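Note sheet for the following structure.
Given the structure is predicted, the values throughout are model-derived calculations rather than measurements.
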Amino acid sequence: MAHTGKHFANAAAVDGADELPFDLPPRGATATGAASPADDDEPPFDLPAAPRSAQPPRQQQPEPGRTPSQQANAPGDGGKRLSLSARALQGSASPRAEQTPYLQGLNPEQREAVEHLDGPVLVLAGAGTGKTRVLTTRIAHILATGRAYPSQVLAVTFTNKAAREMKERIGSLVGGAVEGMPWLGTFHSIGVKILRRHAELVGLKSSFTILDPDDQLRLMKQVIEAARLDKDRWPARQLAGVIDGWKNRGLTPDKVPAGEAYNFAAGKGVELYAAYQQRLKELNACDFGDLLLENLRLFMEHPDVLADYQRRFRYLLVDEYQDTNVAQYLWLRLLAKGSPNVCCVGDDDQSIYGWRGAEVDNILRFDKDFPGAHVIRLERNYRSTGHILGAASGLIASNRDRLGKTLFTDGEDGNKVAVSAVWDDEEEARSIGDDIERMHKNGQKLNEVAILVRASFQMRAFEDRFISMGLPYRVIGGPRFYERQEIKDAIAYLEVTANPTNDLKFERIVNVPKRGLGDTSVKRVHELARARGIPMYQAAKMIVETEELGGKARKALSDLIRSFDRWRSRLGHIKHTELAELILDESGYTAMWQADKSPQAQTRLENLKELVRFMHEFETLEGFLEHITLVMDTEQAGDGDRVSVMTLHAAKGLEFDNVYLPGWEEGLFPHQRALDETGQSGLEEERRLAYVGITRAKRLAKISFAQNRRTRGLYQSALPSRFVDELPEDHVEIIETKKPFSGAYQNFGGTFGRSSYGQSRFDDVQTQPFEGHYGTPGWQRAQQHTRDQSSASSSSSAKRKWSPSDQRRKRGPLMIEGELIASSSDSSSYRRGERVLHQKFGLGTVTDVDGNKLTIEFDSGERKRVVDTFVDRASG
DNA sequence: GTTCGCTCACTTTTT
DNA sequence: GTGAGCGAAC
């Protein structure tokens with residue numbers, strides 16, 4: 001297995017690091033002469049431990065828009081906390097309990113994780129055990145006890161979202177120390193920060209640009225072509241994957257193990273890697289992997305720089321440690337040489353990114369890497385009911401490679417995890433949709449309902465169904481805003497305006513919209529640029545002075561260059577948002593989409609407007625561009641009360657009252673490719689994914705599997721997932737299928753031959769004839785539950801007038817749908833003939849209005865009945 | 001240089 | 001069933 005190889009590489013690299021003279025003088029020894037790395041903005045970091053006034057004490061004002069009661073975990077009022085922490089910051093050495101109100105309400109393990117500040121600590125934090133709270137409180141504690149300045153704490157996360165959340169929570173605990181924590185961020189953002197300071201030491205200028213995956217691929221293609229390789233046989237995508245893999249493991253081209261060079265293009269892989277890196281340097285650019293890899297190189301080759309950072313960071317904290325890859329691990333280890341106070345928080349059972357280079361071993365091995373490590377297990381779960389935890393724990397127990405933890409709760413057992421068989425993916429969507437609708441009528445908030453799928457193609461069935469029944473939903477983790485074509489194009493225009501040396505962005509838009517500059521012209525510019533060692537933009541400027549290009553292309557290119565020069569001259573003279581609008585208009589980019597009659601064109605124009613709106617949050621164009629590659633995760637569009645649909649991967653870290661887990665079928669989940677490609681470890685990762693899924697649920701978890709599924713246009717029968725069988729019986733309830741209509745059921749009993757892994761206790765469920773329907777015990781329990789729920793929920797009056805059980809018994813869901821629509825809203829404000837925009841179907845004209853239900857004739861020719869909340873008035 | 005039509009693949013994707 | 005990417009024809 002590839003695993004051993006990885007270990008080997010890993011260990012070798014670590015040993016290499018050990019050979020370097022990284023050992024530091026004892027803490028407190030003065031750094032002699034070492035120039036401190038360009039940090040005028042921060043206090044010196046070689047002061048004695050207790051800063052006298054790390055920062056000006058804050059006035060007792062809660063942050064705007066944030067009331068103390070919203071700060072869920074902290075008891076007491078905000079004002080008191082603020083004044084106490086201000087006092088603490090003024091230098092009390094060992095705080096007594098009443099001075100550390102933020103410690104109140106922690107359970108003993110959490111408290112230990114917060115207070116055990118000296119030496120390495122591994123916090124194994126199971127799902128829902130208060131991981132973030134421990135992390136943030138620990139930082140607050142370090143700051144409040146005066147152990148370190150905010151600038152001496154390194155705290156890394158994986159996502160911007162997690163970093164933001166931590167900043168907010170620490171801010172509310174300590175009272176606004178947030179700006180004072182320059183080293184709280186993602187691995188990548190901190191990597192960039194360090195790299196910009198010392199860029200010249202690794203052959204970059206500090207203004208280097210960061211390639212997005214798109215640029216990366218474009219460059220990769222060029223490298224492959226330059227090596228005269230057949231680009232069909234050796235796709236750039238694959239090369240990108242191989243190189244990313246190496247970078248994840250901290251391998252520069254010279255370190256790639258000889259055996260692996262043959263992974264790509266018959267031994268050319270490493271050569272291409274080196275060539276690619278060379279091109280990056282020429283372009284003064286980094287890809288995401290480099291942000292860490294170049295850090296490593298910097299640290300290895302410049303021990304003095306490393307030593308500065310080692311001295312600086314007195315406390316190191318890492319979130320989601322199970323997701324770190326080798327490069328991140330090495331980075332951390334180098335930095336941690338200066339201080340034993342490393343605290344890693346993670347959960348080996350939630351490691352689901354192995355395929356992207358994450359090394360569960362990092363967490364499994366922690367106590368060997370950091371001798372004397374103190375391991376704390378957080379097992380008290382505050383999220384889920386007993387049955388949900390029981391089911392999840394029972395499932396994950398089948399994994400062998402784990403440190404072992406057992407979640408428990410003092411709360412109620414709640415409902416058992418429901419497992420049901422459905423005929424096919426369509427019925428799955430239908431029955432889940434109906435189920436959600438039923439709960440919704442009983443006052444269930446849709447924001448507390450999630451559907452977690454294994455693969456994104458599963459989402460379509462749900463979207464289709466929800467659209468036709470008018471159930472509001474949002475898809476989380478689809479193509480992100482900044483990944484959309486129009487956004488990337490627009491950013492490319494802005495980037496080239498601000499920074500004409502960005503060749504990849506220049507290439508992206510040189511012929512968008514089409515202006516007659518095809519491959520040949522671009523290639524000419526490219527060649528000249530390479531030959532002279534100048535940016536393409538400059539080369540383009542030269543080439544239009546020559547006869548080299550045809551008249552048409554020459555004029556187009558010269559016009560474009562002149563436009564860019566003009567836009568650049570306005571830079572700083574007009575507001576950057578105005579400039580952006582100007583650029584988009586004058587370049588013909590907006591016009592291009594206006595002329596486009598595809599259903600998405602309107603949405604794209606909206607997105608462009610949204611982009612300009614978003615730019616207002618930045619002072620300058622450069623400021624905006626600086627952030628864009630690394631941190632452009634705008635809030636998901638579509639607020640309001642909606643069901644969330646997302647992949648299991650996207651769900652990590654989230655929680656919902658009700659969680660649906662559809663598609664538990666062999667081949668889909670566990671996914672066949674995971675089994676084929678990584679065997680046992682792949683299976684275990686899939687199982688962890690299942691574990692993550694179940695533990696997202698606070699109150700109800702509902703698993704289903706379809707007996708037939710449409711994949712690749714083919715209808716194929718499927719077997720229930722082995723994970724279904726692995727669920728402990730005590731915590732599971734089998735729900736009989738409850739669909740009287742749809743005659744297709746008659747004959748499926750016989751189709752369930754089971755071969756791949758033996759008998760399933762769910763075989764019985766499938767083979768039972770569907771009799772009794774709504775009279776079965778399962779259904780009645782469900783009904784009973786419904787009633788319990790509705791009498792328990794207090795608010796939301798109008799919706800509860802409708803009594804679900806009686807109606808449902810007599811009528812099919814279609815009628816119920818009618819009821820929902822009539823009761824949930826008044827008549828629509830849309831009128832016949834109005835132009836509307838639907839997020840999925842595009843533009844259309846309203847041909848009929850019935851309550852809040854619209855019949856729309858879409859421009860695509862389709863005619864659909866859609867609930868009005870799903871459309872917007874078309875602008876323009 | 002652009003467009004059309006064919007072929008291929010189709011798990012997950014924090015930065 | 002669908003979209004992306006590429007080659008051949010216009």
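Residue A:D519 contributes atom CG, which lies 14 Å from atom P of C:dG5 at whole-angstrom precision. Note: CZ (A:R710) to C1' (B:dC10) measures 16 Å, nearest angstrom. When rounded to the nearest whole Å, the span between CG of A:N325 and P of B:dT12 equals 21 Å. We find that CD of A:E665 is positioned 15 Å from P of B:dT11, with the value rounded to whole Å. Rounded to whole Å, the distance from CD on A:Q238 to P on B:dC8 is 17 Å. The interatomic distance linking A:F457 (CZ) with C:dG1 (P) rounds to 15 Å, in whole Å. Atom CZ of A:R709 is separated from atom P of B:dT11 by 14 Å (rounded to the nearest Å). Distance CG (A:D464) to P (C:dG1): 13 Å, rounded to an integer number of Å.
Here A:H671 counts as stacked on B:dT11: its ring centre is under 5.5 angstrom from the base ring centre and the planes meet at under 30°. Stacking annotation: A:W355 is stacked on the base of B:dT12 (ring centroids less than 5.5 angstrom apart, interplanar angle below 30 degrees).
In this structure, A:D214 pairs ionically with A:R508, as a charged nitrogen and a carboxylate oxygen lie closer than 4.0 Å. Note on A:E684 versus A:R402: no salt bridge recorded, every NZ/NE/NH1/NH2 to OD/OE distance being 4.0 Å or above. Ionic pairing of A:R218 and A:E507 is not present here: no N-O contact between side-chain nitrogen and carboxylate oxygen is shorter than 4.0 angstrom.
The side chain of A:E677 sits closest to B:dT11 out of B:dT13, B:dT15, B:dT11. In this structure, of B:dT15, B:dT12, B:dC10, it is B:dT15 that holds the atom nearest to the side chain of A:F288. Here B:dG1 is the nucleotide among B:dG1, B:dT15, C:dC6 with the atom lying nearest to any side-chain atom of A:S521. Of the candidates B:dT15, B:dT3, B:dT13, the closest approach to any side-chain atom of A:K514 belongs to B:dT3. Comparing B:dT13, B:dT11, B:dT2 against the side chain of A:N511 picks out B:dT2 as the nearest. Side-chain proximity of A:T520 to the nucleotides B:dT15, B:dT12, B:dG1 is greatest for B:dG1.
Within the 4.0 angstrom heavy-atom criterion, no nucleotide atom of any strand lies near A:F669. A:S456 comes within 4.0 angstrom of sugar-phosphate atoms only, judged by non-hydrogen atoms across all strands, and of no base.
Phosphate proximity of B:dT11 to A:R673: present, with a side-chain N or O under 4.0 Å from OP1 or OP2. Side-chain N/O atoms of A:T647 include none lying less than 4.0 angstrom from OP1 or OP2 on B:dT11.
The backbone N or O of A:Q350 sits nowhere less than 3.5 Å from a side-chain atom of A:R688 that would complete a donor-acceptor pair.
Nearest-nucleotide mapping onto DNA chain B: of A:A553 and A:H649, the residue sitting toward the 5' end is A:A553. In terms of position on DNA chain B, the residue among A:A674 and A:G518 whose nearest nucleotide sits closer to the 5' end is A:G518.
Using cut-offs of 30° and 60° on the angle between ring planes, the pair A:Y589 and A:W593 is perpendicular.
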Q) Yes or no on side-chain hydrogen bond (donor to acceptor under 3.5 Å, both in side chains) for A:Y473 and A:E463, after CA distance, side-chain angles and deciding distance? A) CA-CA 8 Å; A:Y473 72 90; A:E463 291 195 57; 2.7 Å; yes
